[in-house]
Structure formats: C-alpha cells, structure tokens
Participant: 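Shown below is the structure under consideration.
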Amino acid sequence: MTIRVLLADDQALLRSAFRVLVDSEPDMEVVGEASDGAEAARLAAERRADVVLMDIRMPGTDGLAATRLISADPALAQVRVVILTTFEVDDYVVQSLRAGASGFLGKGSEPEELLNAIRVAAGGEALLSPAATKGLIARFLAQGDDGRDPARSDRLGTLTVREREVLVQVAGGHSNDEIAERLEVSPLTVKTHVNRAMAKLGARDRAQLVVIAYESGLVRPRAD
C-alpha cells in the first residue's frame, strides 16, 4: 500500500527537497504541494492524502488553522497531520496537537527520521519523541490549571481501570511494546485498550490521548 503524502510549506525549495526524498521511497508518493494552509486543507481532500507534512508558520492560513480545518472535517478523519517546525516544542506546536495533529518533527531532522515519521503517522501512531513529550509536559506545567479541561475529566469516567492505566503509560510516551512489558500483558491487549480509550475520549490518535491525559488532570506534570 502506497502512502499518499501532501507537502505544505511556503518555501518552494524545501517542498522540492521533501518531494525528492519522499518519491525515492517505494512505499510512498507525493500527491500534491501547497504553499499555504487553505490550499493544504483543500488538497488534502482532493488528492486523498494519507499524511500531510505541514509547515507550522505560513502566510495567510497558517499550519495551525489548516490542521483545525482538516481535523474538523469528518471526510478527512483518516488524514494524519505531521507538523514541521524549526523548534521541536513551542506553544504553537502544543496548540497544533490540540487541534488534531498527530505529532511534529523538527526541520533539522535527518532524512530517515522524516521518512519514518511519515510511516508512523500513516500507521496511526503518535509521532512524539521522548524529548518532545518532556517538552509538552513542561508546557502543561507552565500553564498550570489553566490548561485543564473539566469536560475531559468527566469523560475519563467512561474508561475502565485498565484503560486508565494504559492511558497514563501512553502519556509517558511509551510504545505498545513498552506498555505491555510494564503491565505484563500482550502488545495486542495494549493496542485494544488504546483503541477503546481513543473511541471513548474522541481522540483521533495517540498524540491527542497524551494531550487529553494532561488536560483532564489524569496525569500531573512534574517539574523534574
């Protein structure tokens, strides 16, 4: 199965470089290019993209607004947005994850990291490195109680005890295999709990589960 990739960046040179890299892989292809967020949202639907590599700062409709447009469209529920940014973690990226992005990647990443990011996002996993997860925790810590959403807390009541345990592990940036080892269950069991938690909490993917875990207060950020 070929992963259909849409490139959204206002710099033509960067788009060209990304296109060459992506098109060199046998399991993926570039299906379109956009120079602003509005065009990215439109092409995501027209070209049936699986993954959108989205520059976070673009003139006009920026990456944040475009991510919201894509996430709000039920017809684009399977589209995964990976935010490209100069800085690995900033407030804008946190907002993008809340808006529905599957993760983010620094523009200084190695080519193999970018290709892996596309595959990870297409597979429905969260693209959150340990460093990025720590950065997100730091942002929530800085926000204090202002970042918490009472509505999210109420929805936690629909989760089973085991689903809560798994959600805590997901918020820590752990993979299914790591969670399985920690909880002494099979990776398939973990995947089932993750999927059920996503369905109950209305999360598009694991990245949003991380955000929900902190916004709801289920996991408390620690300064260390």
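Count residues from 1 along the sequence.
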Participant: State, with a plain yes or no, whether a side-chain heavy atom of Val82 is found less than 4.5 Å away from one of Val120.
Facilitator: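 They are not in side-chain contact.
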
Participant: Mind checking whether Leu6 and Val30 have side chains closer than 4.5 Å, heavy atoms only?
Facilitator: no

Participant: Less than 4.5 Å apart, side chain to side chain, heavy atoms only: is that true for Arg4 and Val51?
Facilitator: no

Participant: Under 6.0 Å from the CD atom of Glu181, do we count more than 12 heavy atoms belonging to anything else shown?
Facilitator: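 12 or below, so no.
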
Participant: With a 4.5 Å limit on heavy-atom distance, are the side chains of Ile70 and Met54 in contact?
Facilitator: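 In short, these two side chains touch, coming nearer than 4.5 Å.
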
Participant: If the test is side-chain hydrogen bond (donor to acceptor under 3.5 Å, both in side chains), which one of Arg15, Gln11, Lys107 qualifies with Asp55?
Facilitator: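 Per the side-chain hydrogen bond (donor to acceptor under 3.5 Å, both in side chains) rule, the option paired with Asp55 is Lys107, out of Arg15, Gln11, Lys107.
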
Participant: Is there a side-chain contact between Arg80 and Val52 (heavy atoms, below 4.5 Å)?
Facilitator: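 No. Closest side-chain heavy atoms not under 4.5 Å.
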
Participant: The criterion is salt bridge (charged side-chain N to carboxylate O under 4.0 Å, His left out); which residues satisfy it with Glu25, sequence neighbours excluded?
Facilitator: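 With sequence neighbours excluded, Glu25 shows a salt bridge (charged side-chain N to carboxylate O under 4.0 Å, His left out) to Arg119, given in chain and number order.
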
Participant: Please evaluate residues Glu46 and Arg42 with respect to the criterion salt bridge (Lys or Arg N to Asp or Glu O under 4.0 Å), reporting the C-alpha separation (whole Å), side-chain torsions for both, the decisive distance (0.1 Å), and the verdict.
Facilitator: CA-CA 6 Å; Glu46 290 181 3; Arg42 177 175 60 80; 3.1 Å; yes

Participant: Given side chains that start at C-beta, do those of Leu115 and Leu21 come closer than 4.5 Å, heavy atoms only?
Facilitator: yes

Participant: Just do the side chain to side chain contact (heavy atoms under 4.5 Å, CB included) check on Gln208 and Met198 with the steps written out, would you?
Facilitator: CA-CA 8 Å; Gln208 283 206 313; Met198 286 171 54; over 6 Å; no

Participant: Below 4.5 Å, heavy atoms only, C-beta onward: do Gln169 and Glu178 meet side chain to side chain?
Facilitator: no

Participant: Cut-off 3.5 Å, side chains only: do Thr189 and Ser186 have a donor facing an acceptor?
Facilitator: yes

Participant: Does Lys191 NZ have over 12 foreign heavy atoms under 6.0 Å away?
Facilitator: no

